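Data block below; observations after.
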Amino acid sequence: MSLRRSYLSRRIIHRSFTLSNSHKSSKSTEIQSICREIEFDNNGGGFELAEDSNSISWAGMPPELLGEIIQRVEASEDKWPQRQNVVAFGCVCKRWRDATREAVEKSSLRQPGKITFPSSLKKQGPRDSPIQCLIKRDKKNATFYLYLSLTPSFMDKGKFLLAARKYRNGAHTEYIISLDADDLSQGSKAYVGKLRSDFLGTNFTIYDSQPPHSGAKPSSRSKSGRRVGSKQISPQIPSSNFEVGHVSYKFNLLKSRGPRRMLCSLTPPFSDEKFQTDKINRDNSENTKKLECPSVQECTTVLKNKAPRWHEHLECWCLNFHGRVTVASVKNFQLAATMVDQGGGKGGDGDETVVLQFGKVGVDTFTMDYRRPLSAFQAFAICLTSFGTKLACE
Amino acid sequence: MAAETGTPTTLTLKSNDDELFSVAESAAILSVTIRNMVEDGCAGGVIPLDNVDGKTLASVITYMNGISAIPADEEKKKSYRDKFLSDKDFETLADMVLAANYLNMSCLMDAVSAKIAQVMEKKSVGWVRRKFGIENDYTPEEEAAVKEEHKWTFEGVETDDDN
């Protein structure tokens with residue numbers, strides 16, 4: 001019982017300390033800890049009891065100090081796998097989560113496109129240096145895995161990002177894309193979207209489980225699902241399917257073994273910057289927000305593959321992948337963006353900049369390097385279109 | 001600013017439970033709060049620090065003396081910080097955060113933040129909540145989403161539930 005007494009006296013000190021700092025200490029937490037204390041006491045858990053008393057100051061930590069701590073961790077744990085510590089902070093409770101989100105958002109203004117939460121996979125990649133990923137193919141199980149490269153080597157697996165499995169659905173082929181490598185069904189909580197191809201395997205539609213913007217309507221083909229409710233939690237609730245892009249391969253009539261021609265049109269995902277402008281606009285006035293949003297939504301990204309050059313000497317088609325692709329394959333491609341902006345403005349920005357590059361480096365290993373305006377999810381879906389035989393192309 | 005050259009100036013700090021501490025000015029000005037007082041010339045008598053108790057202040061002063069004794073060598077400073085925080089419990093770490101904030105000591109704040117991240121590394125959410133005494137305030141729906149996120153983040157990593 002002496003332990004209990006010392007615990008109580010400590011608690012009193014803490015309470016006065018808390019008050020002197022004039023921040024709110026939640027009553028329910030206090031009551032809870034007292035209950036817990038009694039529980040532990042009955043069990044004779046003296047050690048747990050002593051520990052529990054230590055931590056009241058953490059429950060009452062002012063949000064701005066929590067923010068200070070998490071910002072520091074966010075800044076120092078810049079790369080995976082250390083970056084998982086940032087997510088760990090965000091999993092603890094609502095207040096820690098808010099502080100973590102804020103820290104990540106703040107840093108994404110300086111350095112957009114960084115991958116932190118699973119929700120980062122649906123945000124635009126970085127503007128300058130592309131994010132380097134690897135795709136591993138498991139032919140036996142018709143499964144594809146996307147990893148974030150942690151080293152320049154093609155051998156290291158890296159941080160798992162997404163998985164996809166190919167399903168036959170009547171005359172169509174579908175790739176279900178999931179956050180969980182062991183749960184590749186559309187009903188799963190980990191479901192993030194899918195890719196659907198036509199019979200010939202030349203036209204693909206990309207579906208996102210989440211709306212690309214607030215006004216989006218779910219695709220008519222999909223079953224109606226729950227809408228995402230909470231803004232706090234990255235919403236991975238399996239819900240509707242929203243069409244967010246198309247990929248088509250052009251018929252190749254002249255040559256039987258010539259290079260493929262690809263065309264993609266995409267609804268660009270939210271960028272962090274856009275999020276911030278929206279937020280600022282919302283803060284300033286409702287009117288500005290209404291004016292700006294439609295033009296952002298109507299803006300579509302059109303991507304075309306760079307035409308390879310015929311190399312007379314080697315007698316093959318060549319593209320410069322800057323060392324990121326080592327095996328010649330018909331699947332290899334580079335997509336360059338041209339912005340079609342109906343609202344006028346940033347059109348024609350960087351016509352020949354490669355925004356997605358995909359190519360073979362091993363029997364079942366491929367590299368995928370993407371950048372803005374693509375998200376990791378979109379880039380992965382586009383790369384999946386390159387697998388599988390295209391009846392009409394070759 | 002320190003007026004006379006040569007003789008090291010000593011400051012007297014008072015904790016909120018009326019303990020008095022003497023510190024060399026050169027070490028104490030690691031705290032921006034104290035440095036401002038010194039620069040404004042109001043550090044002559046006793047400096048009352050109303051938000052820091054004696055136990056924490058003693059610890060902070062140990063840190064001030066330790067770190068200021070190390071010449072400009074980031075590696076050595078870092079290893080001192082690690083050693084200094086290695087035996088601190090959760091309560092002390094929280095007190096350190098509050099003190100570092102009040103005293104405006106950025107490097108102590110950095111060190112404590114890094115220490116907390118290190119403590120949490122590869123631990124389950126339940127473990128962190130237990131150790132930090134934090135109540136789980138998620139709705140079941142949010143909790144499920146967080147679990148999913150945690151699983152994705154720590155994929156392939158053994159998270160440690162005990163100890």
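These numbers were taken from a predicted model, which means no experiment stands behind them. Chain letters run A, B, ... following the sequence lines, proteins first, then strands; residues in each count from 1.
Both the sub-6.0 Å distance and the 45° axial angle are satisfied by A:Lys122 relative to the ring of A:Phe377. Taking the centre and axis of the six-membered ring of A:Phe117, the NZ or CZ atom of A:Arg101 falls inside the cone set by 45° and 6.0 Å. A cation-pi arrangement is present between A:Lys159 and B:Trp152, with the terminal nitrogen or guanidinium carbon under 6.0 Å from the aromatic centre and inside a 45° cone about the axis.
Taking a cutoff of 4.0 Å between a charged side-chain nitrogen and a carboxylate oxygen, A:Lys114 and A:Glu74 qualify as a salt bridge.
Among B:Ile116, B:Val112, B:Asp110, the residue making the largest number of heavy-atom pairs under 4.5 Å with chain A is B:Asp110. Listed options A:Val92, A:Val86, A:Val87 were ranked by heavy-atom pairs under 4.5 angstrom with chain B; first place goes to A:Val92.
Although no hydrogens or angles enter the test, the distance criterion places no donor-acceptor pair under 3.5 Å between the side chain of B:Arg81 and the main chain of B:Tyr63.
Contact of A:Ile115 with chain B is made through the side chain alone, with heavy-atom distances under 4.5 Å. Looking at A:Gln82, there are no atoms closer than 4.5 Å to chain B (heavy atoms on both sides), in backbone or side chain. Residue contact with chain B, scored on non-hydrogen atoms closer than 4.5 Å, is absent for A:Ile70.
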